[in-house]
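Note sheet for the following structure.
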Amino acid sequence: MKTVFIKLSGLLLTVALMVAGGSASSVAQTLVEESAKMAFVDTVAASWTPWETLSVSGKFKMGGLPVSPSVKIFMQRDSAILISLRAPFVGEVGRAEIVDSTLLVVNKMNKTYVEEPIDKALAYYPGGISDIQDLLLGRAVIPGCGLLSPDIADSVEVYAEDDGSSTLIASEEARLEGFNYGYSFTPEYLLGALMVLPLQHPDVAVTLTYQYYTKGYDIEFVYQSEKRNYRALLELDTPDPEGNGFDRINLGNKYTQLPFDKFIKSF
């Protein structure tokens with residue numbers, strides 16, 4: 001975990017310098033030349049296998065939860081994400097679905113839910129469901145441009161670290177209004193972390209960090225501010241392109257719809 005902390009610290013400084021109008025080279029990083037950038041993007045993108053449907057199983061851990069529920073994720077490319085949480089001896093306790101441009105999150109324990117158009121949930125983000133899918137699979141996306149690929153290499157800048165890892169940020173033309181963000185990649189060209197800094201809230205930092213294993217990977221989500229800190233961990237198996245899906249949840253008339261803030265507090 002010490003290595004992860006060091007990488008996040010370097011990434012934080014890089015993205016913070018973007019806010020201040022500084023240069024990433026100020027933190028002992030070297031902006032790679034165009035040919036090296038293209039080779040980097042080619043190598044990263046070549047490792048991502050195309051898919052139409054897949055499922056991922058694992059565990060969900062978060063402070064305050066009495067147990068660590070199992071999680072199953074089923075996705076259809078560009079159209080659906082279904083996430084089911086199940087607790088031992090209880091069964092399904094929660095569900096999240098993004099289908100037909102709608103976000104639905106259900107707390108089955110207290111029979112409440114929140115439902116919003118995905119455009120509202122992503123009001124400050126120019127991407128959509130495909131970007132969420134790619135991040136769940138450990139793939140870098142450039143907001144408004146899509147999955148990192150040679151076709152959008154002009155939208156990024158790549159900096160080389162002394163240890164063989166790399167930092168990727170959006171080019172000036174492709175930066176996200178209101179936010180600065182950057183990715184770190186391991187020397188093996190795997191996505192190591194994503195960090196996001198909202199410009200209107202300089203005390204806030206949001207990070208996704210990725211750890212890889214022989215038969216799976218972890219995604220840790222951290223929200224940090226002066227007033228609040230949230231941390232959640234997904235421990236996921238290797239995605240299965242032949243995995244089975246599951247039906248959407250049927251709410252019936254036993255569930256109560258809540259505003260988003262009250263729904264979060266209901267947990």
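The residues of the chain are indexed from 1 along the displayed sequence. Hydrogens, waters and symmetry mates are skipped; everything else that's a heavy atom, side chains included, is used. Everything quoted here is computed from the prediction, not taken from an experiment.
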**Message:** With a 4.5 Å cut-off on side-chain heavy atoms, are Q133 and I81 touching?
**Reply:** yes
**Item:** Point-to-point distance, once rounded to the nearest 0.5 Å, from CG of L234 to CD1 of I219
**Value:** 5.5 Å
**Fill in**
From the list L31, L168, I169, T167, side chain to side chain contact (heavy atoms under 4.5 Å, CB included) partner of V158 resolves to L168
**Fill in**
Across all chains, not counting sequence neighbours, the side chain to side chain contact (heavy atoms under 4.5 Å, CB included) partners of A232 are F60, M62
**Message:** For D203, is the CG atom crowded, meaning more than 12 foreign heavy atoms sit under 6.0 Å from it?
**Reply:** yes
**Request:** Any chance you could lay out the side chain to side chain contact (heavy atoms under 4.5 Å, CB included) test for D78 and S130, step after step, and finish with the verdict?
**Result:** CA-CA 5 Å; D78 301 331; S130 60; 3.1 Å; yes
**Interatomic distance, F246 atom CZ to N244 atom CG [nearest 0.5 angstrom]** = 11.0 Å
**Asked** Rounded to the nearest 0.5 Å, how far apart are CD of E52 and CE of M75?
**Response** 12.0 Å
**Request:** Would you please test E115 and T102 for side chain to side chain contact (heavy atoms under 4.5 Å, CB included) and show each step?
**Result:** CA-CA 7 Å; E115 186 172 22; T102 299; 3.6 Å; yes
**Asked** Less than 4.5 Å apart, any side-chain heavy atom of V141 and any of Y183?
**Response** yes
**Prompt:** So do the side chains of I73 and L82 get within less than 4.5 Å of each other, counting heavy atoms only?
**Reply:** no
**Item:** By ring pair (Phe, Tyr, Trp, His ring centres under 6.0 Å) - contacts of F40 (at least two apart)
**Value:** F185, Y189
**Request:** Nearest 0.5 Å please: distance from the CG atom of L136 over to the CG atom of L236.
**Result:** 8.0 Å
**Message:** Is the shortest side-chain heavy-atom distance between L54 and L137 below 4.5 Å?
**Reply:** yes
**Request:** Check whether L233 and L208 end up in the same hydrophobic cluster, where Ile, Leu, Val, Met, Phe, Trp and Tyr are linked by side-chain heavy atoms less than 4.5 Å apart.
**Result:** no
**Item:** Taking every non-hydrogen atom, the tightest pair across A174 and Y181
**Value:** O-OH, 4.1 Å
**Prompt:** Any Lys/Arg nitrogen of D134 or R77 sitting under 4.0 Å from an Asp/Glu carboxylate oxygen of the other?
**Reply:** yes
**Message:** If I compare all heavy atoms of P239 with all of Y217, which pair ends up nearest, and what's the gap?
**Reply:** CD-CE2, 3.8 Å
**Message:** Evaluate L197 against V204 for side chain to side chain contact (heavy atoms under 4.5 Å, CB included), listing each step before the verdict.
**Reply:** CA-CA 6 Å; L197 301 179; V204 174; over 6 Å; no
**Prompt:** Would you say the side chain of L258 lies within less than 4.5 Å of the side chain of V114, judging by non-hydrogen atoms?
**Reply:** no
**Item:** Test item: T43 side-chain N/O and A39 main-chain N/O as donor-acceptor pair under 3.5 Å
**Value:** yes
**Request:** Taking ring pair (Phe, Tyr, Trp, His ring centres under 6.0 Å) as the test, write out the residues that go with Y230, two or more places apart.
**Result:** Y223
**Request:** Say whether I129 and L194 are linked into one hydrophobic cluster, either directly or through other cluster members, by side-chain heavy-atom distances under 4.5 angstrom.
**Result:** yes
**Gap separating the CD1 atom of I152 from the CG atom of L147, nearest 0.5 angstrom** = 7.0 Å
**Prompt:** Residues in side chain to side chain contact (heavy atoms under 4.5 Å, CB included) with E34, at least two apart?
**Reply:** K37, M38, D154
**Asked** Going by distance alone, is a donor N or O of one side chain under 3.5 Å from an acceptor N or O of the other, for D218 and Y213?
**Response** yes
**Prompt:** Are the side chain of S225 and the backbone N or O of K227 linked by a donor-acceptor pair below 3.5 Å?
**Reply:** yes
**Message:** Looking at every non-hydrogen atom in both residues, tell me the closest pair between C145 and S155 and how far apart they are.
**Reply:** SG-OG, 3.6 Å
**Message:** Please determine whether residues V222 and F179 belong to a single hydrophobic cluster, defined as Ile, Leu, Val, Met, Phe, Trp and Tyr linked transitively by side-chain heavy-atom distances below 4.5 Å.
**Reply:** no
**Request:** Consider only side-chain heavy atoms of I, L, V, M, F, W and Y, link residues closer than 4.5 Å, and tell whether F221 and V196 are in one cluster.
**Result:** yes
**Item:** Heavy-atom pair with the smallest gap, counting every atom of W51 and Q76
**Value:** CZ3-C, 3.9 Å
**Fill in**
So the salt bridge (Lys or Arg N to Asp or Glu O under 4.0 Å) pairs with at least one residue in residues 88-104 (sequence neighbours excluded) are E92-R95, E92-K108, R95-E97, E97-R248, D100-R248
**Asked** Can you tell if the side chain of L135 reaches within under 4.5 Å of the side chain of Y210, non-hydrogen atoms only?
**Response** yes
**Message:** Quick one, F74 with T53, criterion side chain to side chain contact (heavy atoms under 4.5 Å, CB included). Give me CA distance, side-chain angles, the key distance, then yes/no.
**Reply:** CA-CA 7 Å; F74 178 75; T53 64; 4.0 Å; yes
**Item:** Residue pair S57 / D237, side-chain heavy-atom distance below 4.5 Å
**Value:** yes
**Asked** Is any side-chain heavy atom of L251 less than 4.5 Å from a side-chain heavy atom of Y113?
**Response** yes
**Item:** Shortest non-hydrogen contact between V41 and P150, atoms and distance
**Value:** CG1-N, 3.6 Å
**Message:** List the residues meeting side chain to side chain contact (heavy atoms under 4.5 Å, CB included) with P259, not counting sequence neighbours, and say none if there are none.
**Reply:** D261, K262
**Complete:** In short, G138 meets L191 closest at the heavy-atom pair O-CB, 3.4 Å
**Gap separating the CG atom of L85 from the OG atom of S70, nearest 0.5 angstrom** = 7.5 Å
